[in-house]
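Position 1 is the first residue of the sequence, and the numbers go up from there.
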Amino acid sequence: MAELKNDRFLRALLREPVDVTPIWLMRQAGRYLPEYRAVRQKAGDFMTLCSTPELACEVTLQPLQRFPLDAAILFSDILTIPDAMGLGLYFAEGEGPRFRNPVRQPEDVAKLAVPDPEGPLRYVMDAVRLIRRELDGRVPLIGFAGSPWTLATYMVEGSSSREFSCIKRMMFDQPELLHRLLAILARSVGEYLRAQVAAGVQALMIFDTWGGVLTPRDYREFSLRYMREVVAALPRESEGRRVPSILFTKNGGQWLEDLADSGSDALGIDWTTDLGDARRRVGDRVALQGNMDPCVLYAQPQRIRDEVATILESYGPGSGLVFNLGHGIHQHIEPEKVAVFVDSVHELSRPYHTETPR
């Protein structure tokens with residue numbers, strides 16, 4: 001593999017000195033870019049785009065051709081694992097993901113098996129291998145998966161949900177059944193992420209999109225418990241470097257102390273938590289990633305710069321911060337606003353870093 005030319009993202013995740021605060025964007029390869037929309041139209045449908053390594057590689061690299069980002073993230077979907085389990089994933093126009101075979105009965109859970117990452121999920125690993133080759137050491141590549149709880153919500157509900165009535169009914173009436181499902185998913189996510197590292201990703205992120213819909217008690221039992229299992233199963237090193245991991249629970253700011261004890265290297269923070277408060281609460285146990293409200297990017301350039309300055313000031317001096325949005329970028333954001341955002345982070349963060357990177 002080519003030598004890494006820009007490693008400030010990896011260094012920040014390990015709280016090592018950097019010259020400027022690194023930045024990447026959740027959903028940075030996506031619908032706000034006209035070049036992405038062109039490839040998506042060529043692919044015909046979303047799953048074809050995800051499952052064709054050449055196309056996934058092309059859209060992964062697109063934002064790096066526009067912006068001086070400090071990391072690339074594999075273009076894929078969090079629902080690849082349940083799809084590989086035979087649940088019949090499809091995307092309804094304007095309605096998001098759906099499963100033809102939701103998991104709601106004990107016999108449904110009994111049918112599930114941990115998918116082979118180099119079997120039905122090989123297209124993901126092939127995409128990783130191709131992206132690493134095409135990146136040629138320019139920036140690190142992030143791999144990812146959904147958390148066991150988040151995957152379970154889609155699998156049991158059969159689609160996106162506002163009330164989470166099906167999975168919460170299972171959680172309250174049949175907790176042991178849900179624990180069996182989550183245990184299978186924790187093993188599946190662990191194997192999937194280990195395979196991504198073997199294929200070439202250099203950092204890992206676990207998206208716990210729906211952990212924030214739980215009570216504190218249920219969050220610890222049904223979400224955090226299984227993310228801990230996943231983190232414990234992850235490889236710590238590859239290619240002679242540490243492979244850092246990031247946990248992100250949307251609306252999970254109230255559990256930062258618990259998340260900081262998970263074994264992960266960094267925590268993603270959404271915009272509902274002040275970054276300075278988060279830093280004080282976790283101390284030097286983990287790095288932080290976040291946390292600008294994506295809607296700031298609808299504002300004028302000076303307002304974007306002002307918000308970047310406010311967030312940097314809140315975090316304060318020193319390493320341990322990866323700048324990002326508090327959630328994925330919205331599809332109607334103008335790419336020119338993203339350019340202002342990225343440049344502002346690099347420019348305005350330099351005074352906060354006085355140590356010379358090794």
Side-chain angles (χ1 to χ4, degrees), residues 1-14 16 22-30 39 49-65 67-81 83-84 114-146 187-207 230-248 264-266 268 287 289 322 324:
M1 296 286 188
E3 183 179 351
L4 196 53
K5 302 175 182 73
N6 172 0
D7 68 349
R8 61 169 71 109
F9 165 72
L10 298 179
R11 296 180 65 81
L13 289 178
L14 299 177
E16 296 174 354
I23 176 173
W24 69 279
L25 283 68
M26 288 185 276
R27 294 188 192 144
Q28 66 187 24
V39 176
L49 181 56
C50 284
S51 60
T52 306
E54 294 76 15
L55 297 180
C57 176
E58 183 177 354
V59 297
T60 296
L61 299 178
Q62 283 175 344
L64 299 176
Q65 290 153 6
F67 317 115
L69 295 158
D70 295 298
I73 184 166
L74 165 69
F75 183 82
S76 187
D77 192 84
I78 63 170
L79 298 179
T80 52
I81 287 175
D83 182 46
V114 176
D116 180 359
E118 292 287 358
L121 291 166
R122 176 159 186 149
Y123 66 90
V124 178
M125 307 309 147
D126 286 343
V128 170
R129 288 184 275 261
L130 181 58
I131 295 164
R132 272 299 304 274
R133 190 178 77 211
E134 293 301 314
L135 277 173
D136 193 32
R138 182 175 173 182
V139 294
L141 176 61
I142 306 166
F144 70 92
R187 293 198 302 275
S188 299
V189 171
E191 289 201 15
Y192 183 56
L193 292 176
R194 285 198 300 274
Q196 288 186 33
V197 172
V201 304
Q202 293 146 293
L204 295 167
M205 184 156 174
I206 298 171
F207 287 91
V230 172
V231 171
L234 297 179
R236 307 308 287 173
E237 288 191 6
S238 180
E239 301 175 49
R241 292 190 73 133
R242 177 71 172 255
V243 180
S245 59
I246 308 163
L247 296 188
F248 174 57
S264 188
D265 299 288
Q289 176 177 280
V322 172
N324 207 314

Search all heavy atoms of Leu25 against all heavy atoms of Leu69 and return the closest pair with its distance.
CD1-CD2, 3.6 Å
Looking at every non-hydrogen atom in both residues, tell me the closest pair between Asn324 and Met26 and how far apart they are.
OD1-N, 3.0 Å
In this structure, are over 12 heavy atoms from other groups packed under 6.0 Å from Gln65 atom CD?
yes
Check whether any side-chain N or O of Ser245 sits under 3.5 Å from a backbone N or O of Ser264 as a donor-acceptor pair, and report yes or no.
no
Work out which heavy atom in Ala145 is nearest to a heavy atom in Val189; give both atom names and the distance.
CB-CG1, 3.8 Å
Rounding to 0.5 Å, atoms OG (Ser76) and CD1 (Ile81) come to a distance of 9.5 Å
Minimum heavy-atom distance Ala287-Leu13, with the two atoms named
CB-O, 3.5 Å
Go through the structure and list residues passing side chain to side chain donor-acceptor pair (under 3.5 Å) with Arg242, not counting sequence neighbours.
Asp265
Are the side chain of Gln196 and the backbone of Phe144 linked by a donor-acceptor contact shorter than 3.5 Å?
yes
Taking side chain to side chain donor-acceptor pair (under 3.5 Å) as the cut-off, I'd like each qualifying pair that reaches into residues 126-140, sequence neighbours left out, listed once.
Glu118-Arg129, Arg122-Asp126, Asp126-Arg129, Arg132-Glu239
Only pairs at least two apart or in different chains count here, so list each salt bridge (Lys or Arg N to Asp or Glu O under 4.0 Å) that has a residue in residues 188-200.
none
Which pair of heavy atoms, one from Pro53 and one from Leu130, lies closest together, and at what distance?
O-CD2, 3.7 Å
Gln28 side chain to Ala71 backbone, donor-acceptor under 3.5 Å
yes
Asn6 side, atom CG; Asp70 side, atom CG - distance, nearest 0.5 Å:
4.5 Å
